[in-house]
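We name chains A, B, ... by the order of the sequence lines, and we start the count at 1 in each one.
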Protein chains: 4
Amino acid sequence: MADTRTPDSTRRSERSRRAIYDAALALVVEAGYPKTTIEGIAARAGVGKQTIYRWWPSKAAVLLEAFVDLGEQAAEAVGEVGAAIPDTGDLAADLRLVVRATVDELVDPKYDLPTRALAAEGIVDAELCAQYVEKLLRPSLQLYADRLAASRERGELRADLDLDIAVELFTGPLSGRWLMRTGPLTHAYADRLVDYALHGLAPR
Amino acid sequence: MADTRTPDSTRRSERSRRAIYDAALALVVEAGYPKTTIEGIAARAGVGKQTIYRWWPSKAAVLLEAFVDLGEQAAEAVGEVGAAIPDTGDLAADLRLVVRATVDELVDPKYDLPTRALAAEGIVDAELCAQYVEKLLRPSLQLYADRLAASRERGELRADLDLDIAVELFTGPLSGRWLMRTGPLTHAYADRLVDYALHGLAPR
Amino acid sequence: MADTRTPDSTRRSERSRRAIYDAALALVVEAGYPKTTIEGIAARAGVGKQTIYRWWPSKAAVLLEAFVDLGEQAAEAVGEVGAAIPDTGDLAADLRLVVRATVDELVDPKYDLPTRALAAEGIVDAELCAQYVEKLLRPSLQLYADRLAASRERGELRADLDLDIAVELFTGPLSGRWLMRTGPLTHAYADRLVDYALHGLAPR
Amino acid sequence: MADTRTPDSTRRSERSRRAIYDAALALVVEAGYPKTTIEGIAARAGVGKQTIYRWWPSKAAVLLEAFVDLGEQAAEAVGEVGAAIPDTGDLAADLRLVVRATVDELVDPKYDLPTRALAAEGIVDAELCAQYVEKLLRPSLQLYADRLAASRERGELRADLDLDIAVELFTGPLSGRWLMRTGPLTHAYADRLVDYALHGLAPR
DNA sequence: GCGTAAACGAGACGGTACGTCTAGTCTTTTC
DNA sequence: GAAAAGACTAGACGTACCGTCTCGTTTACGC
């Protein structure tokens, strides 16, 4: 029978939590996600398996939290601000900048591998997918939405613009190309994508 | 030590191959991909495990072939033709039709589940990914490319249009929304996506 | 790579150990040794396979321990004593008694089958053979040796008698006939064997 | 359904039979009996598996025939005769000679390993055991029986001597010590064994 | 000599068990 | 009472052989 009692999180060991995060991320980068096991994480973190099972429902959940934590660490280091797409008034230029930045990130193995693993897991596991979207995807999509909304207010975009679809027009092709490796991820690609998405395929 | 001898494919049992395809697809739909095991497929197909290991390198490879075969079966049943997006002269209408059809397919569990599983596996396994793209993804993307190329010739699209990106502008958002469940997949969505992709986000 | 860590025997599950003994013995008697598998033992004992592989190196080792344990159980039940050949002063009579008892045991399937299996395995596997001899064979041979030594002291046997060979003179023919089924195992045979061994083949 | 047709032995391939014998014996000596497989024998003999299954019921049966054949080959080489224990009139001396010879043979791996394997198999498989006894054991025991019978006629042994038991008095201890490795197999041992068996344990 | 039938080499097949690995649970001991 | 340690049940993994079953290919006999 499962232990339905929820553990007392106030007594949780911060040291163990950190060690588990570190071990999980390191193993995914070193050995790949499928070869990363809960036993392996526990061993590397110097932690009992039960400590993992007590606080997380699955390997993917550990990795997700670890990765979110990594992002927060990084954000804190840079000063937390900058968490918005700059608004210089030139929408195309602003978007090129951020799409290029996204391209750079997707190419860095340190981010690529864990994100791929989480995406793969999420594709098959709806539960985890929701978490993934909420904690990782949505925040970054929101940046696009905010910037586009600002331009829409100024009349630079269709007045009735559906923001969700608008955002997807940039991120969809990009993440599709990244996930399925259907083409190179370069700054040139980023620029052209922004151009097409903003102005469409029809002749000028 | 691995058995490097390649088996003699002329002596291969067609009956077993089919049974394995059927079992694999059925199990993925019924139990989900992670709970689909090679042992399970073998048992359900009434086949020895070795017969699977002899001909396929992994569970995912089995499913990929099974799914490709399923497509071929279906194509054969309809008469093989129709493997092109119709060209009525109205590009927007033609694209709406096919994007709507894609939406319908992605919603059907019979296609949804195996495709998700393959996509998930491909995201993490580059080897398999290449196969997946080559055998499943590329052919369907090519349909878009052909139709768009036809319109480009007629001057209905930018003369210097990059077809790859153009195709992605339709399929990227669609598959992104599907994979990550970030929004509903409806005909209305399909229509609006086609509109945005064709004409861009800028005001008319 | 093999797991070289030795498990902590203080934490071993007594319940599992007993269940494995019981299952192993039962299966050997019911299905025969070759059809007794480690998987079968585990299943019948309600135990994971790893629990067997953790504590024993082979199927035969399990059976050997199970059988030794069975003997200890039996000995404990009878009160532990009697573990010596009686010494009534009449050596021939004493030996006849114990050889007859041995014959009876060798004929009982409950002992016959496991012992045969162990003997067979030991014949081919020197490692196991040593264990078998040490734990099962030697103790019972020692009883003969002790009784014969007592008679030798009293001058009833050659003064320079080689006890090992002397013991073999009784047990060798007996076990040979049993193992290879070269003749009937009866009390009459036991009596005559004792007679011949004690007095030789030469005329009186 | 099994193929009930009995194959036509007149058309049997002598070359294959020999190759199988050689392969079986070589593998048992090189790799040990348990690691000798029918597939291995077939591969080494350059023979299809079916050719083995057509003519023999089991791995042990192959080995038995191979070994019997080996003996016949050897006998033929020496000139066939000598298949009897010499009768110099000195029974003890004659027996010492032959027991010493047996000891020498049991120590030679070329004979030791296959014989052990067959004995082990026979212990557990009554069917095979009968074959083994009939073809290998009985003939060699008969030599003892004949020699002892001759002496008995001459009054050198008990008039009512039970030949079976008498033979066992020599071969039982010997084979017991050999099978279970309970002591060294030396000429000294052979001599003493003959002495004890002939004259018994009682003081002179 | 030539057709035919059986034995042959080869090896794919449906299976069983192997020994290993990991999941997730449970228990014991330590802090 | 949380945590480290690790033994436990459970069962999938990929491998090795089993014994059966085709395949073509010799081989040898009867016509």
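- Remark: Asp112(A) engages Arg116(A) in a salt bridge (Lys or Arg N to Asp or Glu O under 4.0 Å) (not counting sequence neighbours).
- A donor-acceptor pair under 3.5 Å is absent between the side-chain atoms of Thr51(C) and the main chain of Val47(C), judged by distance alone.
- Spacing between atom CD1 of Ile20(C) and atom C1' of dT9(F) amounts to 11 Å, rounded to whole angstrom units.
- Under the rule for a side chain to side chain contact (heavy atoms under 4.5 Å, CB included), the partners of Val124(B) that lie at least two apart in sequence or sit in another chain are Pro34(A), Ala120(A).
- For Lys135(B), the side-chain hydrogen bond (donor to acceptor under 3.5 Å, both in side chains) partners at least two apart in sequence or on another chain are Gln131(B).
- Every residue meeting the side chain to side chain contact (heavy atoms under 4.5 Å, CB included) condition with Glu134(B), not counting sequence neighbours, appears here in chain and number order: Arg138(B).
- Applying the salt bridge (charged side-chain N to carboxylate O under 4.0 Å, His left out) test to every pair with at least one member in residues 59-68 of chain A, sequence neighbours left out, gives no pairs at all.
- Atom C1' of nucleotide dA5(F) and atom CZ of Arg44(A) are separated by 20 Å, given to the nearest angstrom.
- When rounded to the nearest whole Å, the span between CD1 of Ile52(D) and P of dA7(E) equals 16 Å.
- Sorted by first and then second residue, the salt bridge (charged side-chain N to carboxylate O under 4.0 Å, His left out) pairs involving residues 117-128 of chain C (not counting sequence neighbours) form an empty list.
- Taking Ser13(B) as the reference, Ser16(B) meet the side-chain hydrogen bond (donor to acceptor under 3.5 Å, both in side chains) condition, with sequence neighbours excluded.
- In this structure, Asp8(C) atom CG and dC26(E) atom C1' are separated by 16 Å, rounded to whole Å.
- Residues of residues 115-127 of chain D that place a heavy atom closer than 4.0 Å to DNA chain F do not occur.
- A search for side chain to side chain contact (heavy atoms under 4.5 Å, CB included) contacts involving Ala19(B) returns Ala45(B), not counting sequence neighbours.
- The interatomic distance linking Ile41(A) (CD1) with dT22(E) (P) rounds to 12 Å, in whole Å.
- Of the possible donor and acceptor atoms, one in the side chain of Arg181(B) sits under 3.5 Å from a partner among the backbone N and O of Ile123(A).
- A search for salt bridge (Lys or Arg N to Asp or Glu O under 4.0 Å) contacts involving Arg18(B) returns Glu14(B), Asp69(B), not counting sequence neighbours.
- In the helix from dG1(E)-dC31(F) to dC31(E)-dG1(F), the terminal helix axes, each the rotation mapping four pairs' C1' atoms onto the next four within five end pairs, subtend 10°, rounded to 10°.
- Rounded to a whole Å, the OH atom of Tyr53(A) is 17 Å from the P atom of dT27(E).
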Listed pairs, N/O of protein and of nucleotides 13-17 of chain E, under 3.5 Å:
| from | atom 1 | to | atom 2 | distance (Å) |
| --- | --- | --- | --- | --- |
| dC13(E) | OP1 | Ser13(B) | N | 3.0 |
| dC13(E) | OP2 | Arg54(B) | NE | 2.9 |
| dC13(E) | OP2 | Arg54(B) | NH2 | 3.3 |
| dC13(E) | OP2 | Trp55(B) | NE1 | 2.8 |
| dG14(E) | OP1 | Ser16(B) | OG | 2.7 |
| dG14(E) | OP2 | Gly48(B) | N | 3.3 |
| dG14(E) | OP2 | Thr51(B) | OG1 | 2.7 |

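- Of the two residues near DNA chain E, Lys59(C) and Ser9(B), the one whose nearest nucleotide lies more 5' is Ser9(B).
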